[in-house]
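I have placed the structure first, in the form of structure tokens, so that the comments after it can refer back to it.
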Protein chains: 2
Amino acid sequence: MPDMTASKMPLFIACDDEEHDGPSERALREGAELMFFGYRSFTQDPDKILSELDYGRAHHRALHFIGTQPGLSVAELLDILDVTKQSLARVLKPLIDDGLVEQRVGENDRRQRLLFLTNDGVAFEERLSAPQRARLTRAFREAGPEAVEGFRFVLELMMDEEQRKQALTVIAGAKPL
Amino acid sequence: MPDMTASKMPLFIACDDEEHDGPSERALREGAELMFFGYRSFTQDPDKILSELDYGRAHHRALHFIGTQPGLSVAELLDILDVTKQSLARVLKPLIDDGLVEQRVGENDRRQRLLFLTNDGVAFEERLSAPQRARLTRAFREAGPEAVEGFRFVLELMMDEEQRKQALTVIAGAKPL
DNA sequence: CATTTATGTCAACGTCGCTGACATAAATTG
DNA sequence: CAATTTATGTCAGCGACGTTGACATAAATG
């Protein structure tokens with residue numbers, strides 16, 4: 001361990017001191033702003049499509065998770081989206097009425113309404129996701145596999161323990177292919 | 001240019017083909033879900049504080065950018081936030097009324113209202129940012145500098161050219177320290 | 001049979017986007 | 001100087017999406 005006696009230390013530490021024991025102020029602010037601008041870029045394409053129909057971002061989220069985990073129950077979807085039953089209902093009802101989502105009574109538990117995308121629902125979800133996937137594809141390709149690993153690592157670590165578990169469960173539990 | 005005649009191409013491409021010319025389906029879906037869950041985690045702490053007062057996420061955004069770029073004009077803030085004048089007004093007025101934001105007439109152009117945080121505004125913004133900074137600090141520390149580079153790289157590449165320019169300008173133009 | 005669980009629905013509310021229109025003051029330009 | 005443009009503020013109204021609290025139904029469970 002190097003000599004760290006006070007006589008060898010600067011009296012004032014620069015605010016943007018990278019040698020300090022953590023990320024610099026600047027790095028933190030940049031990180032926060034990248035989250036803001038990045039997320040906005042990520043959602044803007046589907047938002048544009050949705051706004052032309054009578055849907056919003058919440059409809060996309062529902063379609064996405066029903067699409068990747070067909071047959072999930074309403075309760076499970078509520079848990080993933082972390083919204084109230086009433087909020088979900090306002091999103092789910094139009095999707096069902098418009099023939100994009102289908103409900104089937106659970107086989108084991110006939111109280112449950114299991115959720116599936118119809119063919120139209122699959123098509124619409126893909127139309128919404130396509131520009132996002134294109135964005136991710138381009139970013140992942142240009143950034144390279146190591147950067148992608150870092151991206152995933154940091155975002156995972158941004159979550160609380162419980163949230164991370166839930167997110168990883170959702171990601172892992174999604175229908176293969 | 002390599003030979004790409006049909007006879008050398010596989011008839012069917014596996015859905016999760018990592019050897020293909022881009023990120024796998026699975027990687028893309030994971031990326032999308034990490035954006036969703038990560039952003040939610042990132043915003044949840046300040047959201048909780050804000051909801052107890054009469055503010056929302058939009059107030060935090062305004063405070064953040066006024067804080068990092070004191071003296072920006074209303075037009076500049078509109079450009080950063082990418083909302084309408086009316087949307088911003090509804091956010092800005094309460095902040096001014098509550099003494100968190102101060103307006104000063106521009107010296108060169110007296111039509112401009114330059115925006116500054118008051119002492120109370122600085123304190124409140126720091127209170128809101130503290131948990132986010134803690135989150136980022138923890139994630140950056142545990143992930144390590146290389147991962148952080150990847151995180152930033154991927155998020156930057158997620159933006160369109162114009163957006164990226166704007167974001168980098170904002171990040172670079174922020175008040176040093 | 002009583003309770004709990006899964007779901008749906010109604011009323012009321014708040015935040016935060018939007019559009020379109022109009023007002024004011026200051027800068028700019030012909 | 002008069003006309004126009006620019007920077008800002010404000011009004012009315014609307015839509016999406018989140019909230020809470022209460023209540024109803026059907027099915028599972030003890």
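A quick note: this is a predicted structure, and the numbers were derived from the prediction, not measured. Lettering of chains follows the sequences in order, A, B, ..., and the numbering in each one begins at 1.
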Practice item. Name the residue closer to the 5' end of DNA chain C, choosing between R111(A) and K85(A) according to the nucleotide with the nearest heavy atom. Key: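 Its nearest nucleotide being more 5', the pick is R111(A).
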
Check your understanding: Touch check for R57(B), heavy atoms < 4.0 angstrom, all strands: base, sugar-phosphate only, or nothing?
Key ->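 Counting heavy atoms under 4.0 Å across all strands, the contact made by R57(B) is with sugar-phosphate only.
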
Return the value, rounded to whole Å, for the distance between atom [atom1] of [X] and atom [atom2] of [N].
X: L88(B); N: dC11(D); atom1: CG; atom2: C1'; answer: 16 Å
X: L63(A); N: dC17(D); atom1: CG; atom2: P; answer: 11 Å
X: L50(B); N: dC16(C); atom1: CG; atom2: C1'; answer: 13 Å
X: L115(A); N: dT7(C); atom1: CG; atom2: C1'; answer: 11 Å
X: N108(B); N: dA27(C); atom1: CG; atom2: C1'; answer: 12 Å
X: D54(B); N: dG14(C); atom1: CG; atom2: P; answer: 9 Å
X: E76(B); N: dT8(D); atom1: CD; atom2: P; answer: 8 Å
X: L114(A); N: dG8(C); atom1: CG; atom2: P; answer: 11 Å

Within the pair [X] and [N], is there a side-chain N or O less than 4.0 Å away from OP1 or OP2?
X: T84(B); N: dG17(C); answer: no
X: R61(A); N: dG18(D); answer: yes
X: S87(A); N: dC17(D); answer: no
X: H59(B); N: dC16(C); answer: yes

Review point. In Å, rounded to the nearest 0.5 Å, how long is the span from CG of L77(A) to CZ of R61(A)?
Key: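 The CZ atom of R61(A) is 10.5 Å from CG of L77(A), to the nearest 0.5 Å.
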
**Study point:** From R40(B) atom CZ to D47(B) atom CG, the distance as rounded to the nearest 0.5 Å
**Key:**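 Answer rounded to 0.5 Å: 11.5 Å.
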
Side chain of [X] - closest among [options]:
X: Q86(B); options: dA28(D), dA27(C), dG20(C); value: dG20(C)
X: R113(B); options: dC18(C), dT8(D), dT15(C); value: dT8(D)
X: A75(B); options: dT15(C), dC16(C), dT8(D); value: dT8(D)
X: S73(B); options: dT10(D), dT8(D), dC17(D); value: dT8(D)
X: Q103(A); options: dT19(D), dG8(C), dT8(D); value: dG8(C)
X: V74(B); options: dA26(C), dG9(D), dA28(D); value: dG9(D)
X: D109(B); options: dA28(D), dT19(D), dA7(D); value: dA7(D)

Review point. Relative to the 5' end of DNA chain D, which residue comes earlier, R90(A) or R110(A), by the nucleotide with the nearest heavy atom?
Key: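 Mapping each residue to its closest nucleotide by heavy atoms, the 5'-most match is R90(A).
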
Review point. Less than 6.0 Å separating the ring centroids of Y55(A) and F124(A)?
Key: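 Ring centroids of Y55(A) and F124(A) are less than 6.0 Å from each other.
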
Check your understanding: Quick one: is the NZ or CZ of R104(A) closer than 6.0 Å to the six-membered ring centre of F116(A), and within 45° of its axis?
Key ->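 That pair qualifies as a cation-pi contact.
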
Review point. Can you say whether the rings of F151(A) and F151(B) are parallel (under 30°), tilted (30 to 60°) or perpendicular (over 60°)?
Key: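 Aromatic pair F151(A)/F151(B) classed parallel.
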
Point to revise | Exceeds 12 heavy-atom contacts within 6.0 angstrom, atom CG of D97(A) | key: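 Enclosed.
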
